[in-house]
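Both counts, for ligands and for their atoms, begin at 1 and track the order of listing.
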Amino acid sequence: MNKKSMIIIGAGLGGLSTGCYAQMNGYDSKIFEHHMKPGGVAAVWKRGEYLIDGGIHFLMCHKPGTPIYDVYSEIGAVGSYEIEDMTKYMRFVDETGSKVIEFSMDLEKLERDLIELSPADADEIRKFIKEVDWMKDSPLLIDLGMSTAPPELRGRFDSLKDMWNMRGFMKYFTGKWAKSASGYSEYLKDPFLKNAFKYLFSPDVAVWFVIMILATIAGGHLGLFKGGCHDFIEAIVRKYESLGGEIQYRAKVEKILVEDDVAVGVLLTDGTEHKADIVVSAADGRSTIFDLLDGQYVDDKIKKRFDTWKPFDPIVIVTLGVDREFEKGAPFAMFMMKEPLEYAGRSITCLPLRIMSYSDSFAPEGKTVIQVMLETDWEYWFDLRQNHEEYKAVKKQIAEQIIQRLEVQYPGITSQIEMTDVATPYTSWRYTLNDKGSPMGWLLTRSTLTEMIPRTLPGLENFFMAGHWVLPGGGVPGSIYTGRNVIQILCKRKGKQFMSKG
Ligand SMILES: Cc1cc2nc3c(=O)[nH]c(=O)nc-3n(C[C@H](O)[C@H](O)[C@H](O)COP(=O)(O)OP(=O)(O)OC[C@H]3O[C@@H](n4cnc5c(N)ncnc54)[C@H](O)[C@@H]3O)c2cc1C
């Protein structure tokens with residue numbers, strides 16, 4: 001019997017996962033990837049003797065015994081990378097060094113430390129830690145809602161089943177825990193703690209998401225890639241290719257070919273046409289729907305989503321290679337500055353730092369890679385990039401400003417810096433084509449939390465979508481599951497059993 005052919009757009013996690021499951025379920029698939037490397041936003045690059053990991057910070061459910069781990073295993077990622085348990089998350093320090101708090105997996109200690117810092121906030125701190133402690137043992141934490149069927153696979157009782165599974169979580173959909181981290185910080189009195197809670201992840205995300213991150217650490221479900229996230233990506237690529245899949249790099253899709261409302265292939269920017277029975281876009285959502293398909297297959301819900309939903313803000317990443325050793329403590333630090341840092345039209349009082357001292361893969365012995373990631377605005381960088389010299393000058397200036405601030409915490413660091421690399425939202429867009437350089441697709445908010453995005457488009461046959469633009473909150477497990485969903489939908493429609501081995 002002839003195998004059905006499938007074209008997949010994009011070799012990020014969504015596309016690679018789609019490809020693996022496609023091959024396992026009897027499709028003959030090929031991925032077209034615009035960049036010369038796989039991984040999309042999960043990107044790692046070399047600068048001299050330093051390795052820069054500009055992608056995944058931590059992997060959720062990195063240990064056996066969770067459904068998400070089993071899915072990593074299905075697509076060949078497991079065992080291919082060195083990973084260590086993340087027992088500490090973030091260390092907050094005020095610029096004078098007089099106040100310090102470390103968020104780690106030890107919740108009793110955390111509660112004690114927080115109350116010691118601000119006795120006036122004791123009640124609120126206890127309530128918060130109680131939520132983290134509760135969530136740490138919740139079965140949902142090791143599934144993250146990933147087993148929730150997409151709209152195309154939902155049966156009559158799925159909504160009831162979801163409600164039952166989510167019953168403990170209903171409290172997070174309204175009231176205090178549904179507020180943004182920034183909104184929640186107003187419940188605290190101490191200015192230092194206010195900032196700490198606001199910046200534990202991002203001021204815009206719902207505070208229950210912050211609770212979830214801390215619960216995941218407390219439950220031992222977060223891991224740090226010791227060799228960088230490319231080991232994870234390359235293992236999935238190997239699995240895909242061993243299953244017979246093929247990836248064509250430097251192959252940018254310009255149009256999705258449609259005949260009589262049926263997707264039949266793609267047109268690349270080099271002018272070549274490629275035909276297939278099924279087309280899956282695991283690329284940027286907006287450009288897939290409005291450029292590659294000319295906005296021909298949208299309904300009011302889709303229009304509303306792209307008009308009103310907020311994506312994760314893009315980031316500017318400043319990476320420094322430093323001839324210096326850093327303490328092997330929490331991988332993230334946050335410095336609360338006395339004077340705000342003005343950059344790219346924004347002003348911040350907290351400087352986030354990622355310290356890659358947990359592995360010797362990133363820098364030679366005795367040296368360390370450190371990284372500052374700042375949320376920023378796409379329009380600023382897009383406009384600036386029109387003048388290349390000015391763009392380069394602003395990148396240099398931001399790096400200098402950051403180094404000045406780090407000098408306060410790490411005296412002498414300026415003269416120890418051997419490598420400086422600045423990646424802007426424009427860089428991210430150039431390599432991954434994500435709308436406005438967004439790192440993770442749609443922001444998870446009170447309203448997007450309960451929204452389900454179909455993996456299909458209205459009126460278009462043989463076409464599917466995967467990746468972080470079809471699952472609010474994005475992330476590694478989410479992107480992988482969306483690819484799995486596409487093949488599950490196809491199997492269900494054909495009355496075939498879904499295979500997850502190969
Ligand atoms: C700095 C950073 C840190 C992160 N940290 C974490 C973390 O700690 N934990 C976590 O779970 N998640 C994290 N994420 C998010 C997670 O990495 C992403 O959500 C996930 O990798 C997205 O995968 P994707 O396949 O959906 O999209 P992408 O990675 O964007 O892949 C899409 C691919 O499609 C290609 N493409 C686009 N358009 C075309 C076209 N027209 N033709 C051909 N190819 C095209 C792109 O080049 C790209 O390779 C982080 C992201 C970033 C940027």
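Summary of contacts: the protein heavy atom closest to atom 11 (O) of ligand 1 is Val476 N, 2.8 Å. Protein heavy atom in closest approach to atom 1 (C) of ligand 1: Gly54 O, 3.3 Å. Here the heavy atom of the protein found nearest to atom 29 (O) of ligand 1 is Val41 N, 2.9 Å. Closest protein heavy atom to atom 41 (N) of ligand 1: Val253 O, 3.1 Å. Of the protein's non-hydrogen atoms, His57 N, 3.2 Å is the one closest to atom 5 (N) of ligand 1. Ranking protein heavy atoms by distance to atom 4 (C) of ligand 1, first place goes to Ile56 CA, 3.8 Å. Here the protein heavy atom with the shortest distance to atom 51 (C) of ligand 1 is Pro439 O, 3.6 Å. In this structure, the protein non-hydrogen atom closest to atom 46 (C) of ligand 1 is Thr432 O, 3.3 Å.
Near Gly40, the atoms of ligand 1 lying under 4.0 angstrom from a non-hydrogen atom of the residue are 29 (O), 31 (O), 48 (C), 49 (O). Heavy-atom proximity to Ile315, at under 4.0 Å, picks out these atoms of ligand 1: 1 (C). Atoms of ligand 1 found under 4.0 Å from any heavy atom of Gly14 (numbered from 1 in listed order, with element): 24 (P), 25 (O). Distances below 4.0 Å separate heavy atoms of Phe32 from the following atoms of ligand 1: 43 (C), 44 (N). Close contacts of ligand 1 with Leu13, meaning ligand atoms under 4.0 Å from a residue heavy atom, involve 21 (O), 23 (O), 25 (O). Near Gly467, meaning under 4.0 Å from one of its heavy atoms, ligand 1 places the atoms 26 (O).
The aromatic rings of Trp469 and Trp442 stand perpendicular to each other, their planes meeting at an angle above 60°, with 30° marking the opposite boundary. Phe201 and Phe209 have perpendicular rings, their planes meeting at more than 60° on a 0 to 90° scale where under 30° would count as parallel.
Only the side chain of Leu433 comes within 4.0 Å of ligand 1, judged by heavy-atom distances. Residue Asn434 touches ligand 1 through its side chain alone, judged by heavy-atom distances below 4.0 Å. By the criterion of a heavy-atom distance under 4.0 Å, the side chain of Ser479, and not its backbone, is placed next to ligand 1. Contacts between Tyr431 and ligand 1, counted as non-hydrogen atom pairs separated by less than 4.0 Å, involve the backbone only. In Ala282, the part holding a heavy atom less than 4.0 Å from any atom of ligand 1 is the backbone. Proximity of Glu254 to ligand 1, defined as any heavy-atom pair under 4.0 Å, is not found for any part of the residue.
For Ala251, the closest heavy-atom approach to ligand 1 falls below 4.0 Å. Distances shorter than 4.0 angstrom do not occur between any heavy atom of Thr482 and any atom of ligand 1. Between Met440 and ligand 1 there is a heavy-atom distance shorter than 4.0 Å. Put simply, part of Pro477 is less than 4.0 Å from ligand 1, judged by heavy atoms. At a 4.0 Å cut-off, at least one heavy atom of Gly39 sits close enough to ligand 1 to count as contact.
We find the NE2-CZ distance between His62 and Phe225 to be 10.0 Å, quoted to the nearest 0.5 Å.
Salt-bridge check for Arg305 with Glu451: failed, with every basic side-chain N at 4.0 Å or more from each acidic carboxylate O. By the 4.0 Å N-to-carboxylate-O rule, Lys226 lies too far from Asp231 to be salt-bridged with it. Taking the charged nitrogens against the carboxylate oxygens, Arg455 and Glu152 have no contact shorter than 4.0 Å, which rules out a salt bridge.
Proximity of a side-chain donor or acceptor of Asn462 to a complementary backbone N or O of Asp277 within less than 3.5 Å is detected.
Counting only non-hydrogen atoms, the option in Ala11, Gly55, Gly285, Ser287 that gets closest to atom 3 (C) of ligand 1 is Gly55. Considering only non-hydrogen atoms, atom 35 (C) of ligand 1 lies nearest to Glu33 out of His34, Glu33, Gln248.
In terms of polar-atom proximity, Gly475 is counted as a contact of ligand 1, with an N or O under 3.5 Å from an N or O of the ligand. Here's the thing with Phe58: one of its N/O atoms is less than 3.5 angstrom from an N/O atom of ligand 1. Note: no N/O pair closer than 3.5 Å links Ile317 and ligand 1 by distance alone. For a threshold of 3.5 Å applied to N or O pairs, the pair formed by Lys252 and ligand 1 contains no separation below that value.
One side chain, Tyr172 or Glu131, offers a donor N or O that lies under 3.5 Å from an acceptor on the other. There is a side-chain donor-acceptor pair under 3.5 Å between Ser29 and Gln23. Side-chain atoms of Thr376 and Tyr343 form no donor-acceptor pair, as typed in the model, at a separation below 3.5 Å. There is no side-chain donor-acceptor pair under 3.5 Å between Asp204 and Ser180. Donor-acceptor pairing under 3.5 Å is recorded for the side chains of Thr272 and Asp270.
Counting only heavy atoms from C-beta outward, the side chains of His274 and Phe32 approach each other to under 4.5 Å. Between Arg346 and Leu374 the shortest side-chain heavy-atom distance does not fall below 4.5 Å. Tyr21 has its side chain within reach of Glu74: a pair of non-hydrogen atoms, C-beta onward, lies under 4.5 Å apart.
Residue Ile247 comes nearest to Ala11 through the heavy atom pair CG2-CB, 4.3 Å, listed as atom of the first residue, atom of the second, then distance. What you find for Ala282 and Gly10 is that their closest heavy atoms are CB-O, 4.3 Å.
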(message) Quick one, Thr424 with Tyr391, criterion side-chain contact (heavy atoms from CB on, under 4.5 Å). Give me CA distance, side-chain angles, the key distance, then yes/no.
(response) CA-CA 10 Å; Thr424 74; Tyr391 173 76; 2.7 Å; yes

